[in-house]
Amino acid sequence: MDSSERPVTMEKVTSLCKRRGFVYQSSEIYGGLASCWDYGPLGIALKRNITEAWWRDSIVTRDDMVGLDTAILMHPRVWEASGHVEGFSDPLVDCKSCKQRFRADQLTSERCPECGGELTEARQFNLMFRTFMGPVEDTASTVYLRPETAQGIFVNFENVLHSSRQKIPFGIGQIGKSFRNEITPGNFLFRTREFEQMEIEFFVKPGEDEKWHAYWKAERFAWYQRYGIRPERLRLREHTRDELAHYAKGCADIEYEFPFGWSELEGIANRGDFDLRRHAETSGKDLSYFDEETRERFIPYVIEPSAGVGRPLLAFLVDAYDEDVAEGEERVVLRLDPRLAPIKVAIFPLLRKAGQPEKALAIRDVLRQDFTVAYDQAGSIGRRYRRQDEIGTPFGVTVDHQTMHDDTVTLRDRDSMQQVRLPIERLVAELQGRLKGPLAGDRAAGGGS
Ligand code: GAP
């Protein structure tokens, strides 16, 4: 299917998100706050499933990775060393007529794209949010909300090295909030001023960096496909030399074809020794590594796979969105990978009498021990299936007349809509089997030493 035939549009996804409780606008009753979003009951479940999948695959199942959770507020000198105070800025222009602001590097004409008015000269606008620590508001107490989680990892390199007894090559992963005062946020969750990142800083011996860069590009590209993103809507785009960030030796973006075009989900950069070297120089601490085997001392190079959470979440939603005809009725269905689906199984009594609700509730209580479960007895069974299809629930269990005689239920699959009958006592094992996805065995080859 080419993109023009896709049923999904951004309007359909944002409306589904609001209607069903995935994402709401922040502070909506006050008119909302631009580009800030709140995750509702289903949104937080989906977000947690994505971050847990990343954490499990990137850290828990690997010997060469450890996790970290660092403070959002850091010593202001961190941002001097990292280059953010000096260089983390975008060129800003104002329209002299309508007063709107734009990023100069995103404009295609010299006039205002909204009203055609004259634009000011471009000036650099630093994207870091500033605040004050303590009761005095002066330059001495200025601190920043971190614009990336990465620096919390670099400044703890030594701590982790000594306390976890890791040897190079090894990596540190972190999930957390970052903040950027973007000039032009937009496209729903895609570009926001407050967002979450899932970042890995992988420390390697200089000279082995190219090999590890190739490894992480392949590994991260495979990860999105492992959780259901269609390969034809993913691509890896190498940065041109003039696109590279100030710290990068090389970088590739994993891009997804959103309804608004191909856009970045994750960047995988080779940061060389830029960060550790700068922090060593600025702090006066020795951040070199001594290799016991080769008796060499060096500043490690860093490979950085850096993803957001909101962007992948939006890509998973957009990619899963489908419309078809089920049992003679049009339906919206989210074909989410079952491991990411907010609710794994819904339980329905066919009738609201004859002991069926009590039986269904008893099954719900058992399944709840292992899965996120929804119970629904309102409306026709077809409507109840539709409600679950629309939020991506992969399995439905129906209690009917026969259940009351022989303790069997039907198990319905969201995508094929096929139903099988099975004994209640086999339900947990059956669902566990169906929820198991491909394991780490299909990881990208290479890199590892
Ligand atoms: N430490 C490197 C770094 O932060 P980046 O390319 O600026 O690199 C990495 O950001 C990822 O963080 C992006 O690929 C994107 O998924 C996410 N991201 C960055 N800015 C964002 C924003 N304003 N809104 C949502 N996600 C953002």
Side-chain angles (χ1 to χ4, degrees), residues 23 26 33-37 39 47 50-51 54 58 68 70 72 74 78-79 81-84 87-90 103 106 125-129 144-155 171-202 213 216-217 220-221 223-224 229 234-239 243-256 258 260 262-272 274-276 278-279 302-316 318:
V23 181
S26 162
L33 183 65
S35 94
C36 294
W37 303 96
Y39 288 89
K47 183 152 82 78
I50 292 170
T51 51
W54 183 92
S58 307
L68 192 68
T70 68
I72 286 172
M74 301 177 74
V78 168
W79 307 109
S82 68
H84 283 83
F88 193 57
S89 51
D90 282 335
R103 262 176 69 174
Q106 289 178 341
F125 173 74
N126 194 294
L127 301 185
M128 282 197 294
F129 276 98
Y144 301 96
L145 301 189
R146 66 180 176 200
E148 61 174 13
T149 63
Q151 298 302 325
I153 298 180
F154 295 128
V155 301
I172 305 175
Q174 154 152 255
I175 298 177
K177 286 262 172 125
S178 294
F179 303 83
R180 295 183 191 175
N181 201 0
E182 299 279 2
I183 298 171
T184 47
N187 282 328
F188 193 32
L189 304 173
F190 184 80
R191 191 179 303 284
T192 52
R193 294 191 170 112
E194 172 180 346
F195 56 96
E196 235 167 307
Q197 289 186 305
M198 310 186 280
E199 296 203 290
I200 294 171
E201 306 302 327
F202 199 81
H213 196 198
W216 279 109
K217 284 191 269 190
R220 293 301 306 150
F221 195 73
W223 189 81
Y224 290 96
I229 300 260
L234 273 182
R235 73 181 183 196
L236 194 69
R237 192 183 65 79
E238 294 289 338
H239 279 208
E243 271 182 282
L244 289 178
H246 60 278
Y247 51 75
K249 260 185 81 186
C251 188
D253 287 344
I254 297 176
E255 295 187 335
Y256 177 74
F258 286 98
F260 49 83
W262 286 97
S263 305
E264 171 189 342
L265 290 180
E266 166 163 357
I268 301 140
N270 180 348
R271 295 181 76 122
F274 178 86
D275 303 274
L276 290 182
R278 287 288 290 256
H279 284 303
V302 175
I303 306 303
E304 179 195 62
S306 170
V309 176
R311 285 188 196 179
L313 184 143
L314 183 59
F316 283 120
V318 163

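Just so you know, ligand 1 is whichever comes first in the structure, and atom 1 is the first atom listed for that ligand.
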Report task. Report the residues that fulfil side-chain contact (heavy atoms from CB on, under 4.5 Å) with L33, sequence neighbours left out, ordered by chain and then residue number. Result -> S26, S27, C36
Requested in this report: Using side-chain contact (heavy atoms from CB on, under 4.5 Å) as the criterion, list what pairs up with E194, not counting sequence neighbours.
Outcome: K177, F179
Under 3.5 Å, which donor-acceptor pairs do the side chains of residues 263-271 form with other protein atoms, sequence neighbours left out?
from	atom 1	to	atom 2	distance (Å)
S263	OG	G261	O	3.4
E266	OE1	R220	NE	3.2
E266	OE1	R220	NH2	3.0
E266	OE1	Y224	OH	2.6
E266	OE2	R220	NE	2.8
N270	OD1	G272	N	3.0
N270	ND2	D209	OD2	2.9
R271	NE	D275	OD2	2.8
R271	NH1	E304	OE1	3.2
R271	NH1	E304	OE2	2.7
R271	NH2	D275	OD1	2.9

Query raised in the report: Does NZ or CZ of R237 lie under 6.0 Å from the centre of the six-membered ring of W262, at an angle within 45° of the ring axis?
Result: no
**Report entry** Residues in the immediate environment of ligand 1 (any heavy atom closer than 4.0 angstrom)
**Finding:** E148, A150, R180, E182, F190, R191, T192, F195, Q197, E199, Y247, E264, L265, E266, G267, R271, E304, S306, A307, G308, R311
Report task. Quick one: sort the F274 and Y247 rings into parallel, tilted or perpendicular, breaks at 30° and 60°. Result -> tilted
Report task. Look at the aromatic rings of Y256 and F258 and report parallel, tilted or perpendicular, splitting at 30° and 60°. Result -> perpendicular
